[in-house]
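In this chain, numbering begins with 1 at the start of the sequence shown. Order of appearance sets the numbers: ligands from 1, and atoms from 1 within every ligand. Computed from a prediction, not measured in an experiment: that's the story for all the values here.
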Amino acid sequence: MAWNIKKKYLDLSAREDSGQKKIWGDYITVCLAYPNRYRTGMSNLGFQTVYRMINNHPSFLCERVFLPDPEDEEAFASGSTPLFSLESQKPIREFDCIAFSIPFENDYPNILKMLDMAGIPLRADRREENTPLVIGGGFTVSLNPEPLSDFFDLFLLGEGEGMVPEFLDELEAVHKGGLSRREAFHRFQTGLSGAYCPRFYQIDYKQDIGIESFKPLDPSYPEKIKRRQVTLIDDFITDQCVLTPETEFAGIYLVEVSRGCHRGCRFCASGFVGRPARFRTQKGLSPSIDRGLRINQKIGLLGTAVSDTPDLPAICRSIIDGGGKFTIGSLRVDRINEEIAALLRKAGAETVALAPEAGSQRLRDVIHKGITEEHIFAAASILLEQGITNIRLYFMVGLPTETADDIEAIIDLVKKIKHHAVKSTAGKRSFRLITVSVNQFIPKAVTPFQWQPLEDINNVRKKMKRIASALRREKAIKVIHDLPKWNYIQALLSLGDRRVGKILLAAHRYDGNWSRAMKEVNVNPDFYVYRRKDVNEILPWDFIDHGVKKTLLIRESEKAFRDV
Ligand code: SF4
């Protein structure tokens with residue numbers, strides 16, 4: 001074992017405040033894996049929630065593992081040191097189960113890296129009876145797990161609160177009964193709603209490489225797998241259970257306020273699979289907020305539709321009355337009013353993020369954003385009036401039906417907001433900065449835009465350059481944008497079927513060289529990324545019952561393009 005890495009892990013553990021330390025004994029052991037660095041993983045509330053849930057089960061012990069820091073990767077990759085857990089520094093292949101919590105497609109390559117570093121066969125069908133079970137869950141894999149199917153024994157699809165405790169009970173029964181791996185998988189697939197063992201499903205392809213059929217290998221397995229969703233989020237607590245200064249949100253105590261969204265922006269999966277939107281009440285949240293205030297932390301209010309939360313003003317007031325401060329990730333433009341802005345100001349907020357997404361009204365209507373230029377100016381005025389002097393604006397490029405005029409409209413809108421800000425703060429506390437964040441639209445499963453192609457990344461590069469150069473000379477405006485090259489890979493991993501796993505495996509073997517992997521594997525990536533799909537074709541994720549009717553998605557898609 002590399003002693004310098006062990007020392008680093010001991011130091012990280014020592015700086016944590018968790019109150020949950022179980023000692024190895026007769027427990028069934030789970031290593032909860034986050035396919036990115038410690039700082040990122042420990043900022044993820046979903047990851048922390050699963051950690052708490054597993055350790056709360058009396059028969060289970062849960063430890064954590066993260067992608068090693070870049071300077072430590074070599075030691076693990078060389079095989080001299082097998083990947084080990086943070087808490088006890090045990091090699092993760094000694095655990096009974098390795099559970100990956102996977103929030104983003106861009107982290108998929110890290111899963112293969114970590115399995116390799118752990119000395120666990122990458123392909124599920126090469127694992128032996130005593131290999132740990134490798135399971136996965138999280139938002140993106142619950143939308144479409146197929147590109148990862150070759151590497152996982154089991155996926156748990158949907159929200160974890162109901163399903164994880166049931167899975168743990170099943171796993172305990174498997175251990176007590178001394179079942180083989182295959183018997184265990186059979187038990188999960190037949191008895192656990194939301195479970196998906198890819199090996200039990202057969203896919204046939206058409207000549208043009210589309211999907212012909214997707215069938216269970218045994219009549220006792222469900223044809224459609226239900227994505228699990230909880231009904232009342234006030235029934236449980238979702239807040240940080242491990243505190244550490246080593247995170248992206250150091251000094252902020254994260255609590256979940258809302259889940260899902262009913263707004264139905266046509267590019268956004270949360271607006272469809274997350275229906276109905278669910279909100280916590282002030283009463284339900286008060287134990288979490290009290291804990292955060294007791295430990296003197298700023299409260300980070302998280303959720304997909306925080307600003308739609310009916311109790312939001314009361315929640316914010318209770319934090320301020322308790323002598324605390326809070327932050328909110330992003331607010332819907334049409335939900336900003338004097339009351340919320342004043343509370344934000346009292347809480348010490350200096351920056352507020354708004355997401356117009358598109359510059360022209362025509363394109364905002366296509367994506368069903370549901371806001372107008374009047375909403376945007378009104379929100380900016382209210383924020384500035386309260387002395388919030390930094391505004392972050394989110395835009396997307398490459399949206400369906402977008403033209404050069406829509407790109408110019410982004411530039412015009414940003415300039416207009418800036419002039420409006422300068423004018424309305426004249427003689428008062430001066431306005432500081434507009435940060436314009438530009439990202440490429442990436443089609444997502446289970447949205448009305450799931451049939452749309454990704455726009456050519458070379459065009460997108462030019463559009464991003466145009467926006468950046470048009471705003472370069474403007475004082476108090478800063479433009480940041482993502483790298484289109486990685487958007488192609490993200491789209492491939494979002495929209496792909498099982499064959500995309502071959503490209504992922506090759507990219508891993510070629511040390512992240514995706515161009516070489518895509519050339520050498522006999523699967524055409526453009527088929528998934530740049531092709532407009534037919535509404536009648538079988539999509540890779542159609543075997544999952546996401547609780548959204550395809551007819552609704554088709555209707556929304558037709559509405560989007562009706563009047564353009
Ligand atoms: S983009 Fe925001 S408001 Fe729109 S559906 Fe998604 S979460 Fe809701």
Pair listing, salt bridge (charged side-chain N to carboxylate O under 4.0 Å, His left out) test, anchored in residues 42-51, at least two apart: none
When you measure from the side chain of [X] to the backbone N and O of [Y], does any donor-acceptor pair fall under 3.5 Å?
X	Y	value
E402	E455	no
E556	L553	no
N44	G41	no

Residue-atom pairs from the protein, N, O or S only, that lie under 2.8 Å from atom 4 (Fe) of ligand 1: C265 SG
Candidates L343, L285, L301 - the one meeting side-chain contact (heavy atoms from CB on, under 4.5 Å) with I319: L301
Cation-pi check, R531 onto Y528 ring (under 6.0 Å, within 45° of axis): no
For T304, the ligand 1 atoms whose distance to one of its heavy atoms is below 4.0 Å: 7 (S)
contact_flag F272 ligand 1 heavy-atom lt 4.0 Å: no
Any side-chain heavy-atom pair of L344 and V352 under 4.5 Å: yes
